[in-house]
Each structure stands twice: as structure tokens, then as C-alpha cells.
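Notes follow once the structure below has been shown.
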Amino acid sequence: MKPALPIASGRLRPARASDGRELLTLLRDRDIRRYLCDGRLLAAGEVTEMLADSALLDTRGLGLWVLETPDCRIAGVVGLTPVSPVIAGLEGMTGCIEPTIALAPDVQRRGLGHEAMTAAMAYAEHTLGLTRLVAAVDAPNERSHRLMRACGFHPFASTDGPRHALTLYERLFSRPSETG
């Protein structure tokens with residue numbers, strides 16, 4: 001089971017089925033759905049399915065976390081999940097894990113995305129023992145490109161996406177034998 005991950009501005013706690021309504025509201029926000037959902041307005045059943053899929057990944061330590069502020073308000077969602085079908089078929093992507101993040105508009109541009117992504121990356125490296133994360137970012141999504149670079153991801157390829165060209169990023173972690 002994946003643990004809660006503390007961050008300075010609150011915590012990342014494992015998502016649960018009861019978070020569906022709040023996540024639906026978050027993912028229906030025009031700015032969030034523009035890239036994360038390829039512009040689609042998700043149905044409640046799709047979010048329910050997303051949370052069920054996350055629960056299935058829980059035994060592997062993967063899935064979704066909600067970002068809770070100190071007053072327990074859900075301010076976003078962070079995921080560590082197998083790569084999306086859009087990039088899963090590309091060479092070298094089989095079995096890769098992809099971080100995702102969506103923050104409520106009122107908490108963006110405060111460093112919370114970097115804080116949450118850093119916690120998820122540390123968990124991926126130190127708890128799960130992953131040596132690599134990959135991410136796909138829509139070409140026009142400048143905020144996500146900045147976040148990826150700020151978190152140490154490097155672009156390594158591009159491909160067509162459902163709505164926009166995608167830049168593929170990777171973040172390599174040292175193996176224990178490489179660190180001394």
C-alpha cells in the first residue's frame with residue numbers, strides 16, 4: 001500500500017473512491033483538462049474508473065495521491081502510473097512509470113507543483129527503487145515543461161499526441177552501486 005507523503009504545504013495522501021466528486025471538479029477545470037484530458041470533459045464514471053485503477057495499482061506502491069492543504073482541502077492530484085497508452089508502444093517505454101500532476105488554479109504558481117513532484121520522485125527512487133521516470137508533455141504546455149526541467153527531467157524524444165505534439169522527458173536516478 002502506498003503511504004501518505006508529507007510536503008511542507010500539506011501532504012499527498014493516497015486517493016480513495018470518496019475523492020471522486022472533488023477530483024471530477026478539478027479535472028473538469030478548463031485549464032487542467034486542456035492538456036491533461038486532451039480537452040475532453042470527463043464524465044463522473046471516468047473519474048470513478050480512474051480511482052478504481054489507482055486502487056489496483058496500490059499493491060505496487062503506484063497510483064494517485066490527492067494533494068491536501070493543511071486545512072484538508074484537496075488542491076490537486078499527483079500520480080505515479082504506468083505510461084499512458086499514447087506512449088506505451090514507443091521504443092523503450094514498456095514498463096515505464098510516468099508522473100502526472102494537476103493543481104487547482106488557485107494554488108498554481110506558488111511552488112506547490114515542484115514540492116509535490118519532488119516528493120513523488122523521492123518516493124519513486126528511494127521507496128520503489130525506480131531508476132527512471134518518464135513524462136509526456138503537450139508541446140504548448142509551457143508550465144509543465146518548466147516543471148519538468150525544474151525537477152531534473154530532460155527531453156529525449158517527441159511524438160504525436162492525441163491533440164498536440166508531445167515532448168518526452170526522462171529523469172534518471174542513481175543506482176545504489178553508483179552512489180558509493
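For the numbers below, each heavy atom of this structure counts, side chains included, while hydrogens, waters and symmetry mates do not.
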**OP:** Check salt bridge (charged side-chain N to carboxylate O under 4.0 Å, His left out) between Asp53 and all other residues, then give those that pass, not counting sequence neighbours.
**Re:** none

Original post:
Got a second to check how far Arg110's CZ is from Leu103's CG, nearest 0.5 Å?
Top reply: 10.5 Å

**OP:** Taking atom CD of Glu46 as the centre, report whether more than 12 heavy atoms of other residues, nucleotides or ligands fall under 6.0 Å from it.
**Re:** yes

**OP:** Just grab all the salt bridge (charged side-chain N to carboxylate O under 4.0 Å, His left out) pairs involving residues 150-164, residues at least two apart or on different chains.
**Re:** none

Original post:
Do side-chain atoms of Thr118 reach the backbone of His114 as a donor and acceptor pair under 3.5 angstrom?
Top reply: yes

Subject >> Qualifying residues under side chain to side chain donor-acceptor pair (under 3.5 Å), relative to Glu22, sequence neighbours excluded >> reply: none

Subject >> Residue pair Leu12 / Ala116: nearest heavy atoms and the distance that separates them >> reply: CD1-O, 3.8 Å

Original post:
How about Met121 and Pro99: do any of their side-chain heavy atoms sit closer than 4.5 Å?
Top reply: no

Original post:
Judged by atom type as modelled, is there a donor-acceptor pair below 3.5 Å linking the side chain of Arg28 to the main-chain atoms of Arg33?
Top reply: no

Original post:
Is there a donor-acceptor contact under 3.5 Å from the side chain of Lys2 to the main chain of Asp58?
Top reply: no

**OP:** List the atom of Val47, the atom of Gly20, and the distance in Å for their closest heavy-atom pair.
**Re:** CG1-O, 3.7 Å

Original post:
Can you tell me how far the CE atom of Met148 sits from the CD1 atom of Ile101, to the nearest 0.5 Å?
Top reply: 7.5 Å

Original post:
Judged by atom type as modelled, is there a donor-acceptor pair below 3.5 Å linking the side chain of Arg11 to the main-chain atoms of Ala4?
Top reply: no

Subject >> side chain to side chain donor-acceptor pair (under 3.5 Å) partners of residues 139-157, not counting sequence neighbours, each pair once >> reply: Gln108-Arg143, Asn141-Ser144, His145-Tyr169

Original post:
Going by the side chain to side chain donor-acceptor pair (under 3.5 Å) test, which pairs reach into residues 82-104, not counting sequence neighbours?
Top reply: none

Original post:
According to a 4.5 Å side-chain heavy-atom criterion applied to Ile, Leu, Val, Met, Phe, Trp and Tyr, with indirect links allowed, do Phe153 and Leu172 form part of one hydrophobic cluster?
Top reply: no

Subject >> Nearest heavy atoms of Leu27 and Ala102, plus distance in Å >> reply: CD2-CB, 4.4 Å

Subject >> Residues in ring-ring contact (aromatic ring centres under 6.0 Å, His included) contact with His164, at least two apart in sequence or another chain >> reply: Tyr35

Subject >> Contact check, side chains of Leu62 and Thr81, non-hydrogen atoms, under 4.5 Å >> reply: no

Subject >> Nearest-0.5 Å distance that lies between atom CD in Glu68 and atom CD1 in Ile74 >> reply: 6.0 Å

Original post:
Which residues pass the salt bridge (charged side-chain N to carboxylate O under 4.0 Å, His left out) test with Asp29, sequence neighbours left out?
Top reply: none

Subject >> Hphob cluster co-occupancy, Leu41 + Leu23, side-chain heavy atoms under 4.5 angstrom >> reply: no

Original post:
Of the non-hydrogen atoms in Pro6 and Ala119, which two are nearest, and what is the gap between them?
Top reply: O-CB, 4.4 Å

**OP:** Can you run down the ring-ring contact (aromatic ring centres under 6.0 Å, His included) pairs that involve residues 45-84, sequence neighbours left out, and say none if there aren't any?
**Re:** Trp65-Tyr123

Original post:
Could you state the interatomic distance from CD1 (Ile97) to CG (Leu128), rounded to the nearest 0.5 Å?
Top reply: 8.0 Å

Original post:
Going through the distances and angles, do Leu133 and Met117 end up as a side-chain contact (heavy atoms from CB on, under 4.5 Å)?
Top reply: CA-CA 11 Å; Leu133 291 175; Met117 186 67 77; over 6 Å; no

Subject >> Test salt bridge (charged side-chain N to carboxylate O under 4.0 Å, His left out) applied to Arg73 - qualifying residues, sequence neighbours left out >> reply: Asp106

Original post:
Do you know which two heavy atoms are closest between Leu57 and Pro82, and how far apart they sit?
Top reply: CD1-CD, 3.8 Å

Original post:
Quick one: side-chain contact (heavy atoms from CB on, under 4.5 Å) partners of Ser158, sequence neighbours excluded?
Top reply: none

Original post:
Please, which pairs that meet salt bridge (charged side-chain N to carboxylate O under 4.0 Å, His left out) have at least one residue in residues 115-141, sequence neighbours excluded?
Top reply: Arg132-Glu170

**OP:** Write down the atom of Ser9, the atom of Pro70, and the distance for their closest heavy-atom approach.
**Re:** O-CD, 3.2 Å

Original post:
Are Ile7 and Leu112 close enough that some pair of their side-chain heavy atoms sits under 4.5 Å apart?
Top reply: yes

Subject >> 4.5 Å side-chain heavy-atom contact, Val137 and Pro155 >> reply: no

Subject >> Hydrophobic cluster (4.5 angstrom, side-chain heavy atoms) - remaining members for Leu90 >> reply: Val83, Val86, Ile87, Met93, Val134, Phe156, Leu166, Leu168

